[in-house]
Amino acid sequence: MENRKVRIALTKGRIEDKAVGILEKIGFDVTDLRNKGRRLILNIPNEDIEVVLAKAADVITYVEHGVCDLGVVGEDTIMEHGGKFCELADLNFGKCKFALAVKKGTDFFAGYGVKTVATKYPKVTRNYFEKQGIDVDIVKIEGSVELAPLVGLADGIVDIVETGTTLKENGLEVQTDVAPISARLIVNTVSLKLKQERILELVNLIKGVIE
Ligand code: PRP
């Protein structure tokens, strides 16, 4: 592990652009990252750094296994996935929230029957309702969870809300906020020991450009 470049895993998609922006602000040449095509490992010229692009949960897996030293990933994935790594900074972008949403005009907490919640995040949902002391049935959905209450599968959903547009366009509304979310910088615990100086130098550079 000691001989290869410092490897940073970035989450593809929604928070990728902001993460690349941070590297650019530090002064790194991100031309390769901006013109990546279908490539998954990108070089930062003249630096001992390479960047890997992966899906959020995989960023955690690569960092946990130590094949990537640093990772940029949403707190939503950290909360659902968990794992063995150190969280070093709140990057202050990718801000959104977990919320419990229902069909407009309905009240999730009305009545006494056990309610059904559809979600892509069963662990987050379970933890939330356990803390509230409320018994619910949880149904795991893989995508477009907003559909579940519309077709009668669930009384509510726990999902990510950013602008609120998806809920609005599907006749849903937030019943209550569950947790705020933002992008986080994580590091492999062994890398932090073995490459401490360089890793902390990079972390400080990143912290220095966080808005
Ligand atoms: C998330 C989430 C909502 C949507 C909310 O999905 O599941 O569907 O974003 O955003 P809004 O409040 O701005 O409308 P995402 O687009 O990340 O896709 P996914 O289904 O792959 O998670």
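Order of appearance sets the numbers: ligands from 1, and atoms from 1 within every ligand. All figures in this text were calculated on a predicted structure; none of them were measured in a lab. What's counted below: heavy atoms across the whole structure, side chains too, no hydrogens, waters or symmetry copies.
At the top of the distance list for atom 5 (C) of ligand 1, counting protein heavy atoms only, stands Ile160 O, 3.4 Å. Regarding atom 3 (C) of ligand 1, its nearest protein heavy-atom neighbour is Glu146 OE2, 3.3 Å. Scanning the protein for heavy atoms near atom 15 (P) of ligand 1, the closest one is Arg14 NH2, 3.5 Å.
By the 4.0 Å heavy-atom criterion, Gly143 is excluded from the residues contacting ligand 1.
Among Asp159, Thr119, Thr163, the residue whose heavy atom sits closest to atom 2 (C) of ligand 1 is Asp159. The closest heavy-atom contact to atom 18 (O) of ligand 1, among the options Lys120, Lys168, Glu162, Glu169, comes from Lys120.
Using a 4.0 Å cut-off between a side-chain N of Lys or Arg and a carboxylate O of Asp or Glu, Arg34 and Asp17 qualify as a salt bridge. A salt bridge does not link Asp137 to Lys115: none of the charged side-chain nitrogens sits closer than 4.0 Å to a carboxylate oxygen.
The distance criterion of under 3.5 Å between nitrogen or oxygen atoms is not met by Val161 with respect to ligand 1.
Crowding of Lys18 atom NZ: a count of heavy atoms from other residues, nucleotides or ligands under 6.0 Å not exceeding 12. More than 12 heavy atoms of other residues, nucleotides or ligands sit less than 6.0 Å from atom CZ of Phe93. Atom NZ of Lys123 has more than 12 neighbouring heavy atoms from other residues, nucleotides or ligands inside a 6.0 Å radius.
Atoms of ligand 1 lying under 4.0 Å from at least one heavy atom of Thr166, given by number and element, are 4 (C), 5 (C), 8 (O), 10 (O), 11 (P), 14 (O).
None of Arg7, Lys5, Lys195 except one satisfies the side-chain hydrogen bond (donor to acceptor under 3.5 Å, both in side chains) rule with Asp69; the exception is Lys195.
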